[in-house]
Number of protein chains: 2
Amino acid sequence: MSAKHQDLEIQTRIDHILARLREEGFRVTPQRLAVLEVLAASENHPSVEAIYDQVRRRFSTISLATVYKTISLLKEIHEVLELGFADRSSRYDGHKPYPHPHLICTRCGRIQDPELSSLEELTREATTQTGFEIVTHRLDFFGLCNDCRCEE
Amino acid sequence: MSAKHQDLEIQTRIDHILARLREEGFRVTPQRLAVLEVLAASENHPSVEAIYDQVRRRFSTISLATVYKTISLLKEIHEVLELGFADRSSRYDGHKPYPHPHLICTRCGRIQDPELSSLEELTREATTQTGFEIVTHRLDFFGLCNDCRCEE
DNA sequence: CGGATAAAAATAATCGTTATTAATAAATAA
DNA sequence: TTATTTATTAATAACGATTATTTTTATCCG
């Protein structure tokens, strides 16, 4: 994928979220724009701290609370996906704000999105077996990514 | 399953964990016994608070910190599975202390264990697609259990 | 038993997140 | 445009679940 094409994709995503904010009656402020720009541009499911650090480079006076509030707002309008982990840390996905599987490298922290065609079948199996009406899910695989596996 | 049979199963589980504690060189104290008895008897993936409340009925002087420490110890020797959720709450499974799928009712909080045969296939798919060496996983389905679905 | 030392109780500290409040700025009306 | 309304921000206090600390107690093993 060319750099130009990627820039376009990012801008499209930003525009979409801006439209969603207006649509829901929320104001578009420089702080919100800065946060969602970081989320749209980031390829690495950043943490709140990582977002805060990035945003501060261009917006030195922004408050950490504002970052939290903005992320919370984006969650509310379903434009960001929160990945909370057992160790109480959270990472955020601003690209695909709907449930999908993740592969998490326990060595370098990298998070990758696989396309798993058999997930649908698995959901069906769970439904028929238990009588649950399944609304959403969360699926994480943990292990070593290709790079870390070779370095060890 | 008869009540007697269930009692036997619970006792077997308790004995196993006690053996594991001794094996690892940890002492068996009345507090630890009380906590793991609750974990072994509970069918409902209890929270720390729920365990604390149960234990206190028979052991009124036990400290909350002791409950935390005991659970942490049982995690360490891989005899309890912690399920940490995005809202920072945690529930504990003392029956199957290895990764397995869960169905969580978002209305009543009930947690059920399905047997999903296609999970193995899914893991294979993730491995071949990404080059990850998968070590463990976490899979939760959220929705309405059979009872709650009918009551709504 | 008795001593070494792990574990428990009580409580203080920690830390990520949320709530509060006064100041600011965006939207709207005049 | 300017005034007015009200959402949003910044700064910081508060919160709460978990962890660390310290003193006391109790288990284990010879």
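Chain identifiers are assigned alphabetically (A, B, ...) following the order of the sequence lines, protein sequences preceding nucleic acid strands; residue numbering begins at 1 within each chain. Note that this is a predicted model, so its numbers are computed, not measured. Just the heavy atoms: all of them, side chains too, but no hydrogens, waters or symmetry mates, feed the values below.
- The nucleotide whose nearest atom lies closest to any side-chain atom of Phe26(A) is, among dA11(D), dT27(D), dT8(D), dT8(D).
- Here Thr61(A) lies in heavy-atom contact (under 4.0 Å) with sugar-phosphate atoms only.
- Checking Ala65(A) against Lys69(A), the closest nucleotide of DNA chain D that is more toward the 5' end is the one next to Lys69(A).
- The side chain of Tyr68(B) sits closest to dT19(D) out of dA9(C), dT27(D), dT19(D).
- Both Glu49(A) and Thr29(B) lie close to DNA chain C; mapped to their nearest nucleotides by heavy-atom distance, the more 5′-ward contact belongs to Thr29(B).
- We find that CZ of Phe59(A) is positioned 11 Å from C1' of dA25(C), with the value rounded to whole Å.
- One atom, OH of Tyr92(A), and another, C1' of dG16(C), lie 10 Å apart when rounded to the nearest Å.
- To the nearest angstrom, P of dA7(C) lies 14 Å from CD1 of Ile62(B).
- Taking the six-membered ring wherever Trp is involved, the centroid distance between the rings of His102(B) and His45(B) falls below 6.0 Å.
- At a threshold of 4.0 angstrom between heavy atoms, the contacts of Arg27(A) include nucleobase atoms, whether or not backbone atoms are also involved.
- In this structure, CG of Asp87(B) is placed 13 Å from C1' of dG16(D), rounded to the nearest angstrom.
- For the pair Leu33(A) CG and dT9(D) C1', the computed distance is 15 Å after rounding to whole Å.
- With rounding to whole Å, Leu64(A) atom CG is found 18 Å from dT20(C) atom P.
- Leu73(A) has its CG atom 11 Å from the C1' atom of dA7(D), to the nearest Å.
- Within the nucleic acid shown, Tyr52(A) has no heavy atom closer than 4.0 Å to any nucleic acid atom.
- Between dA8(C) and Ser63(B), no contact under 4.0 Å exists linking OP1 or OP2 to a side-chain N or O.
- Contact check on Glu79(B) versus Arg32(B) returns no salt bridge, with no Lys/Arg side-chain nitrogen under 4.0 Å from an Asp/Glu carboxylate oxygen.
- The distance from atom CD of Gln6(A) to atom CD of Glu9(A), rounded to the nearest 0.5 Å, is 7.0 Å.
- Of the candidate nucleotides dT18(D), dT11(C), dT27(D), dT18(D) has the atom lying nearest to any side-chain atom of Arg88(A).
- Residue Thr66(A) places its side chain closer to dT9(D) than to any other of dA8(C), dA10(C), dT9(D).
- Among the atoms of the strands shown, none is found under 4.0 Å from any heavy atom of Ser89(A).
- One interatomic measurement links the two molecules: CZ of Phe85(B) to P of dT17(C), which rounds to 18 Å at whole-angstrom precision.
- In terms of phosphate contacts, Gln31(B) brings no side-chain nitrogen or oxygen within less than 4.0 Å of OP1 or OP2 of dA26(D).
- Residue Pro30(B) has its side chain nearest to dT27(D) when only dT27(D), dT18(D), dA9(C) are considered.
- Nearest to the side chain of Arg32(B), among dT11(C), dA8(C), dT18(D), sits dA8(C).
- For Arg91(A) and Asp93(A), the salt-bridge test fails: no basic side-chain N is under 4.0 Å from an acidic carboxylate O.
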Point to revise | Derivation and outcome, side chain to side chain contact (heavy atoms under 4.5 Å, CB included), residues Thr70(A) and Leu36(A) | key: CA-CA 8 Å; Thr70(A) 304; Leu36(A) 69 87; 5.9 Å; no

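- Under the 6.0 Å distance and 45° angle rule, Arg110(B) does not count as a cation-pi partner of Phe142(B).
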